[in-house]
Structure formats: C-alpha cells, structure tokens
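Read through the structure below, which is laid out as structure tokens, and then see the notes.
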Amino acid sequence: MRRTTSVPGRGLGALIATATATATAVMGLAATPAAATPAAATPAASGQTVQPGQTCTSADLGTRHPVIKTTEVAPTITHFKGWYVTQGSTGSHTVTTSTQTTISVSVGLNGTVQGSFAVEALGSVGASLGLNVQVNYSSTSSESNSVSWNFFEPGYYGLYKGTKKVTGTYGSLNCNRIQQGDGRWALKWTEGPDTGSYTTYTALEEGAVRCEDKVPANSIMAKAQGLLDCGSPAATAKHPAGPVPPATADRAERDADNAATAAKPAARTALNCQPGAYKIDVPGKPLNWSAPLLANDGTRLRQSNWTSAHLDNWRLCNVTEINGVLEATLWNWGNGGCATIPAGIANQEQAYLTTATCGEDDLQRFYIFRDVPGSSKIGLQNKYTGSMLGHDRYADGELIRQYSSGRQDGTGTYTLTGV
C-alpha cells in the first residue's frame, strides 16, 4: 500500500505558522501530534509580538493585539470511502469519496478571516503549536473528492482525506491606563474585555488504511480507520472489488452548517446619560466626529461650525467600568440616535460607523480605553465586533470605520473634549 501523503491545499488558502502586522514566518509540522484536549497557550510561547504588561503609548489607545487563551487540536476526516480490493484488482485506482465534514477558517464573528487581527491571531496559534495552519477563508467542500491510490495487496480499505482541526479561544490586548503600586499611572498592554473563538486547520492529507494496519493513536489515519467499522461482519466478509455499500461506509457524522439569522431591529430603550456632552476629536486638530443627518449616511470627520446642530456632540450613557475600562453607549445630541456599526456589514473590515434608534444592542456598546489622568486621549472598541474605531486619512468628510487591529499609525486615537 502506498504511504499516506499530504496534498497541497488546492483552494484551501495559504499556510502560515506565525504572522504579525508586518511579517509572516512559516514553520514545519511538529514531529509529535498535538493533544486533542484544550490547553492554555502562554503568551511567550505563542509568537505574540506584544506581551501583557509591556509599556504602550497614547498612539496605541486605538489598537489591539490578540492573546491566545486556549487551543485544541483534533483529527477530522473531510472525505471518505470504503473500498474492497480483491486478489485480481490490486494496482492503481482512482476512487471518488464522499464529503464527511465541511470546515472553514473563522476568527470571531467573521465567517471569513478579514483584517490584520485575525491573521495575527492565527499566526500566534500556529507558532504556539508548531503547526502550519490555514489563514485564508476556504471550505473543504470545494476540494476534489477523488483519491488516487496504488494498492499492492488485497483487503478492506478506507480511502480518506483529512486534516487537523484547530479550535480555541482568544482575548485581546489593549493599551489602557494602569495605576501602579506607587500610585502613579502608566499606559500598559492589558487584557481587555473582548474575547472570541477561532477555527482553522492544517493542510489536507490523503491516504488509505486497512483494519489490520497499526496506526498512531489520535492521528488522521486512526480517525479514518474508525470509519471502517472493522468489527462488523462486512469488514471480514468476501466482497467484490469496488465500493463498500453506503450503509456501511458512509455513516460518519457530518458537521451541520449554521443557519444565518436576520438581525431584528432593536426597540428604542431608555438611556441613563451622564450630564456632560463631548466632542470626539482628532488630537490637536479641528476635525471631530459628526453624526449623520441622513439615515443612509455614516459618522464622518467634520469641523464644528454654526451648521453642526449638535451633530458633533455626544453623551456617554449607561456607563459601566470594569478593571479600568469604560463601557458606554454613545448618544448623539443632534439626531437622537446611538452610534452603531450596521448589523448587515458588522462582520466586514472597515465597516462604517453610523447612528440608529437606541436599543439594547451590543453593536451600540463601546469600550473606551483612556490615557493617564491629565490627558483626555482615548481609543474606542465596538463590543460586538471587537474592532477598533478609526479613520483612513485625516480629511473633511472622511468616514469613521472599524479596523480589526485598529489603526497602527495612531489615527485611531481621539480626544474626549467636554463642551
């Protein structure tokens, strides 16, 4: 029997082991299989470029980096077919398999991997496990389902394609003010309230396995061998060359696709707003956040003047504070709406900020990271998407957008100025 081989990821996307915002390093497969049970990932071992407790600056208030909290690796069979080889039918065969499991890469709420945060997160996962993991969005259902194999001896075989599915959870490191033991304040990278889960996988491997083969435990080959039903009468009965009857070979459990649910409009809710109003402006410059006057527009950088009509005035409402991080709804004085990322595009990198009827909705909740006392500089993060708020360039009319890692050039740092 020909040895098991790894096949290139035809349509499966690029392989990475570590990735940062500026570089990607590729590592080889680990010599020993990773455990299939959840394990905590230590920051030092994860390839993270930013570590908790390191010093940051006010320019980092609008940025974030991933911290991998847990990892789990489990073999998964994506395609399978049972096949009988008789004494007179050895040699090369091309077998059409059945899709058993459809999987795809995702980070957080995105059905795709968008933005530098997701790439950096998967890079940290790959580095911590010593595995080449997928970073580009893809689906195993798009793979060719045929396996060509050279059979040297008769027997009952399972032909398969499989992968190591890698799942786990992550948090985010945000720049925020921390009071030190001597009472002084400093800006440090700390673990913020944002968390999520990820799914990725290694390159597809294809092969053939018999009931009598000795294979490593918790391996892809062992997973395929389990689908052969080796203890059943069909495994030992004489049978013509060719496929196993479907009732025997194709009973593998399949992953169900998640049904998309349409977002329902939120009902108006009562807000407990702080008395003061603020402008959210670009530090040292005249442009600031201005809410849209029209429902189909977004929040833009504008200069305050007599036509502003309070569209540039914001109040902090339903404010809570956990571990020094404020969480608030941003209510606009001018149009009476609350800042939000539109539900229909919330999973997109660079989705724009707008306002909508205030409601009980995490899309309308924002974490606020603050500079040391005496400075009014802040960074803002949407609670639901986890993305930071910023702008692509400093220009009148420029939309405020979400960026998964924030704006690394400091254009996600704003000033909360009382009016």
Tell me yes or no: SG of Cys338 and SG of Cys358, less than 2.5 Å apart?
yes

Can you tell me if Thr167 and Thr199 form a side-chain donor-acceptor pair at under 3.5 Å?
no

Does any non-hydrogen side-chain atom of Val282 lie less than 4.5 Å from one of Tyr394?
yes

Scan residues 320-340 for pairs that pass salt bridge (Lys or Arg N to Asp or Glu O under 4.0 Å), counting only residues two or more places apart or in two chains.
Glu321-Arg370, Glu327-Arg365, Glu327-Lys383

Minimum-distance pair of heavy atoms, taken over all atoms of Leu389 and Asn382
CD2-N, 4.0 Å

Stepwise salt bridge (Lys or Arg N to Asp or Glu O under 4.0 Å) check, Arg64 with Asp194
CA-CA 10 Å; Arg64 68 169 180 156; Asp194 174 46; 2.3 Å; yes

Under a 3.5 Å distance rule, please check whether Gln402 uses its side chain to pair with a backbone N or O of Tyr352 as donor and acceptor.
no

Just by distance, do the side chain of Thr354 and the backbone of Asp297 share a donor-acceptor pair under 3.5 Å?
yes

Any donor-acceptor N/O pair, His391 side chain to Thr411 backbone, under 3.5 Å
yes

For a side-chain hydrogen bond (donor to acceptor under 3.5 Å, both in side chains) check, start with the C-alpha distance between Thr96 and Ser146, then their side-chain angles and the critical distance, and finish with the verdict.
CA-CA 4 Å; Thr96 299; Ser146 64; over 6 Å; no

side-chain hydrogen bond (donor to acceptor under 3.5 Å, both in side chains) between Thr94 and Ser148, worked out:
CA-CA 4 Å; Thr94 297; Ser148 296; 2.9 Å; yes

Taking all non-hydrogen atoms of both residues, which atom of Ser404 and which atom of Ser387 are closest, and how far apart?
CA-OG, 3.5 Å

Just wondering, do Thr78 and Thr163 contact through their side chains at under 4.5 Å, heavy atoms?
yes

Any Phe369 side-chain heavy atom under 4.5 Å of Met388 side chain:
yes

For the student: nearest non-hydrogen atoms of Ala328 and Val319, plus distance:
CB-CG2, 3.9 Å

State whether Asp392 and Arg401 are salt-bridged, where the test is any N-O pair (Lys NZ or Arg NE/NH1/NH2 against Asp/Glu carboxylate O) under 4.0 Å.
no

Give yes when the SG atoms of Cys175 and Cys56 are nearer than 2.5 Å, otherwise give no.
yes

Does any donor atom in the side chain of Asn288 or Ser304 lie under 3.5 Å from an acceptor atom in the other side chain?
yes

Straight-line distance of Glu349 CD to Ser116 OG, nearest 0.5 Å
6.5 Å

Tyr201 versus Lys165, closest heavy-atom pair with distance
CB-CA, 4.1 Å

Is any side-chain heavy atom of Thr55 closer than 4.5 Å to a side-chain heavy atom of Lys188?
yes

Verify ring-ring contact (aromatic ring centres under 6.0 Å, His included) between His93 and Phe151, making sure each step is shown before the conclusion.
CA-CA 8 Å; His93 292 262; Phe151 298 94; 5.6 Å; yes

Approximate separation, where rounding is to 0.5 Å, of Gln225 CD and Glu212 CD
8.5 Å

Okay, side chain of Asp60, backbone of Thr63: is any donor-acceptor separation there less than 3.5 Å?
no

Do Asn176 and Thr190 pair up side chain to side chain, a donor and an acceptor below 3.5 Å, judged on atom types alone?
no

Test your reading of the model: is there a side-chain donor-acceptor pair from Arg300 to the backbone of Gly397, 3.5 Å cut-off?
yes

Given side chain to side chain contact (heavy atoms under 4.5 Å, CB included), test Leu227 with Ile77 step by step and report yes or no.
CA-CA 9 Å; Leu227 298 181; Ile77 300 301; 4.0 Å; yes

Apply side chain to side chain contact (heavy atoms under 4.5 Å, CB included) to residues Gln381 and Asn174 and explain how you reach the verdict.
CA-CA 10 Å; Gln381 180 183 27; Asn174 296 81; 3.6 Å; yes

Counting distance only, does the side-chain N/O of Ser308 pair as donor-acceptor with the main-chain N or O of Leu311 below 3.5 Å?
no

Would you find more than 12 non-hydrogen atoms of other residues, nucleotides or ligands less than 6.0 Å from Asn323 atom CG?
no

Check Ala346 against Thr385 and note the closest heavy-atom contact, atom names and distance.
O-CG2, 3.3 Å

I'd like to know if the side chain of Trp149 and the backbone of Leu159 have a donor-acceptor N/O pair within less than 3.5 Å.
no

Would you call Trp331 and Leu316 a side-chain contact if the rule is heavy atoms closer than 4.5 Å?
no

Side chain to side chain, Phe117 and Leu122, heavy atoms closer than 4.5 Å:
no

Between atom CG of Asp182 and atom CD of Gln180, what is the distance when rounded to the nearest 0.5 Å?
5.5 Å

For a quick check under 3.5 Å, do Glu120 and His65 share a side-chain donor-acceptor pair by atom type?
yes

Salt bridge present between Arg302 and Asp312 (N-O < 4.0 angstrom):
no

Decide side chain to side chain contact (heavy atoms under 4.5 Å, CB included) for Leu416 and Ile280; before the verdict, give the C-alpha distance in whole Å, the side-chain angles of both, and the deciding distance to 0.1 Å.
CA-CA 5 Å; Leu416 199 63; Ile280 304 174; 3.9 Å; yes

Short question: side chain of Ser172, backbone of Gly192 - any donor-acceptor pair under 3.5 Å?
no

Under the side chain to side chain contact (heavy atoms under 4.5 Å, CB included) rule, what do Lys164 and Ile220 come out as? Steps first, then yes or no, please.
CA-CA 7 Å; Lys164 291 180 179 178; Ile220 297 172; 4.1 Å; yes

If you apply the rule side-chain hydrogen bond (donor to acceptor under 3.5 Å, both in side chains), what do you find for Asp281 with Thr417, and how did you get there?
CA-CA 7 Å; Asp281 51 32; Thr417 307; 3.0 Å; yes

Are Thr340 and Leu353 close enough that some pair of their side-chain heavy atoms sits under 4.5 Å apart?
no

Taking the six-membered ring of Trp185, is the NZ or CZ of Arg177 close enough (under 6.0 Å from the centre) and on axis enough (within 45°)?
yes

Donor-acceptor contact present, side-chain Thr355 to main-chain Gly337, <3.5 Å
no

First locate atom CG of Asp361, then atom OH of Tyr384, and finally report the distance between them rounded to the nearest 0.5 Å.
9.0 Å

For a 4.5 angstrom cut-off between non-hydrogen side-chain atoms, does Ile368 reach Val325?
no

Lys161 and Thr97: side-chain donor and acceptor closer than 3.5 Å?
no

For the residue pair Lys81 and Ser98, what are the closest heavy atoms and their distance?
NZ-OG, 3.9 Å

Check the orientation of Trp289 and Tyr414. Use parallel for under 30°, tilted for 30 to 60°, and perpendicular for over 60°.
perpendicular

Between OG on residue Ser58 and CG on residue Leu187, distance to nearest 0.5 Å:
7.0 Å

Could you give the distance from OG1 (Thr415) to NZ (Lys285), rounded to the nearest 0.5 Å?
11.5 Å

So does Ser405 get a backbone contact from the side chain of Gln408, meaning a donor-acceptor N/O pair under 3.5 Å?
yes

Salt bridge between Asp409 and Arg407, side-chain N to carboxylate O under 4.0 Å?
yes

